[in-house]
Amino acid sequence: MSVVINTNVDSLKIQSILSNSTSKLSQAMERMSTGLKVTSAKDDAAGTVISARMAVQLDGNQIAQKNVQNGNAMLATAEGHLDVVQDNLVRIRDLALQAKNGTYSTEEIQAMQDEVSERVEELTRINTSSQYSSLYLFNDTNLQEHGVTFQVGANKDADNTISANQKIFGAVDFTSLTKESASDTGLANFDLTNLTTAGTAAGSFAHALGKIDKAINNITERKSQIGSAQNRLESALNTLTTQYENLSSAKSIITDADIAEEASQFTQQNILQQVSTSLLAQANQAPSIALSLV
């Protein structure tokens with residue numbers, strides 16, 4: 001082998017190895033400190049794009065889960081108010097049946113009517129004041145015409161939404177509930193003291209009781225629709241949770257560092273760096289052998 005001074009080939013080789021091990025050592029430390037296998041696009045160009053898209057879907061999934069929970073809360077709030085409406089209607093019906101019995105005096109029937117009037121007023125209050133956040137549940141034209149649509153997915157497709165029927169949000173004041181059609185006046189002047197006993201014509205006991213029964217059926221149908229919508233929302237939430245878990249796992253495979261593997265890599269490259277440094281010092285001294293030939 002030739003003895004040369006100007007070009008130290010061994011030193012150049014060892015410098016290259018030292019540079020490589022130092023770079024890998026730095027990479028292993030960065031991955032262990034961040035917990036990420038992909039810290040920049042150069043680490044995995046395709047993986048960076050895929051993981052970014054997955055991150056968008058994961059964020060959207062979390063928002064969709066909150067949307068479902070808010071939707072359930074809205075429907076549960078509506079159902080709670082409808083329970084109160086139903087209780088009042090049932091009590092009004094009971095009082096009508098009680099007043100029909102001939103064992104009560106005029107004063108006693110009037111006392112029953114006073115309670116009916118208060119309960120009718122309570123239905124009006126519920127109708128105008130029931131809210132979820134800033135939405136009036138039974139006094140909002142938009143809800144009554146279109147219902148409500150819940151965004152239960154991370155994307156724009158139609159199957160990422162669930163709708164609640166507009167009938168749920170119809171007016172719940174006593175007059176509206178006892179209407180059979182838009183032109184019907186309902187039981188706006190419901191008065192136990194003046195109900196006739198004959199036939200089913202307007203103003204008769206049979207007519208009034210029939211109207212109240214239809215009002216109660218109206219409320220129970222709404223509650224059934226709420227239950228159906230809540231079941232769909234619950235199913236959507238379960239699907240979203242499963243999707244989030246699976247997508248998180250897939251993203252982790254691409255981006256998350258295996259700390260045990262990186263620790264092993266760190267140890268290996270650290271040893272190589274120390275060995276290369278020692279050998280480089282020796283390689284740099286090799287040309288001095290030429291002095292012995294002079």
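Because only heavy atoms are used, hydrogens play no part in the values below, and waters and symmetry mates are left out as well, while side chains stay in. Positions are given from 1, in the same order as the sequence printed here.
Under a 3.5 Å cut-off, the side chain of Asp140 and the backbone N or O of Leu137 do not form any donor-acceptor pair. Proximity of a side-chain donor or acceptor of Ser235 to a complementary backbone N or O of Asn231 within less than 3.5 Å is not detected. When atom types are taken as modelled, the side chain of Ser23 and the backbone of Ser19 share no donor-acceptor pair closer than 3.5 angstrom. No donor-acceptor pair closer than 3.5 Å links the side chain of Asn165 to the backbone N or O of Ile168. For the pair Ser133 (side chain) and Leu135 (backbone), a donor-acceptor distance under 3.5 Å is absent. Judged by distance alone, with hydrogens and angles left aside, the side-chain atoms of Asn270 form no donor-acceptor pair with the main-chain N or O of Phe266 at under 3.5 Å. Listed for the Ser224 side chain is no donor-acceptor partner under 3.5 Å among the backbone atoms of Thr220. A distance-only check finds no donor-acceptor pair linking the side chain of Arg119 to the backbone of Asp114 [under 3.5 Å]. In this structure, the side chain of Asp191 engages the main chain of Thr193 through a donor-acceptor pair within 3.5 Å. In this structure, the side chain of Asn127 engages the main chain of Val172 through a donor-acceptor pair within 3.5 Å.
Side-chain contact check for Glu262 versus Arg31: some heavy-atom pair is nearer than 4.5 Å. Using a 4.5 Å heavy-atom threshold, the side chains of Tyr104 and Leu192 count as separate.
Classification of the Phe190-Phe174 ring pair by plane angle, with boundaries at 30° and 60°, yields tilted.
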### Stepwise salt bridge (Lys or Arg N to Asp or Glu O under 4.0 Å) test for Asp213 and Arg93
CA-CA 8 Å; Asp213 285 342; Arg93 188 183 193 279; 2.5 Å; yes
### Query
Going through the distances and angles, do Asp43 and Lys37 end up as a side-chain contact (heavy atoms from CB on, under 4.5 Å)?
CA-CA 8 Å; Asp43 294 331; Lys37 180 166 57 179; over 6 Å; no
### Query
Would Arg53 and Val56 satisfy side-chain contact (heavy atoms from CB on, under 4.5 Å), going step by step from the backbone distance to the final call?
CA-CA 5 Å; Arg53 291 174 179 171; Val56 170; 5.7 Å; no
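Sorted by first then second residue, the side chain to side chain donor-acceptor pair (under 3.5 Å) pairs that include residues 236-245, not counting sequence neighbours, are Gln62-Tyr244.
Salt-bridge check for Arg125 with Glu121: failed, with every basic side-chain N at 4.0 Å or more from each acidic carboxylate O. Under 4.0 Å is where a charged nitrogen must lie from a carboxylate oxygen, and between Lys211 and Asp184 at least one such pair does. The pair Lys223-Asp83 meets the salt-bridge criterion, with a side-chain N (NZ, NE, NH1 or NH2) lying under 4.0 Å from an Asp/Glu carboxylate O.
Each of Glu79, Lys167, Gln230 was checked for a side-chain contact (heavy atoms from CB on, under 4.5 Å) with Gln225, and the lone residue meeting it is Lys167. Under the salt bridge (charged side-chain N to carboxylate O under 4.0 Å, His left out) rule, Arg91 has a single partner from Glu122, Glu115, Glu118, which is Glu115. Of the residues Asn218, Ile219, Ile212, the one that meets the side-chain contact (heavy atoms from CB on, under 4.5 Å) test with Ile216 is Ile212.
The hydrophobic clustering, which links ILVMFWY residues whose side-chain heavy atoms are closer than 4.5 Å, places Ile63 and Leu237 apart. In this structure, Met32 is not a member of the same hydrophobic cluster as Leu36, with clusters built from ILVMFWY side-chain heavy atoms closer than 4.5 Å.
Shown here for Gln273 and Leu25, the closest heavy-atom pair between the two residues is OE1-CD2, 3.4 Å. In plain terms, the two heavy atoms of Leu209 and Ala96 that are nearest each other are CD1-CB, 4.4 Å.
With side-chain heavy atoms closer than 4.5 Å counting as contact, directly or through intermediates, Val38 stands alone and belongs to no larger hydrophobic cluster.
With a 6.0 Å radius and a threshold of 12 heavy atoms from other residues, nucleotides or ligands, Tyr132 has its OH atom above the threshold.
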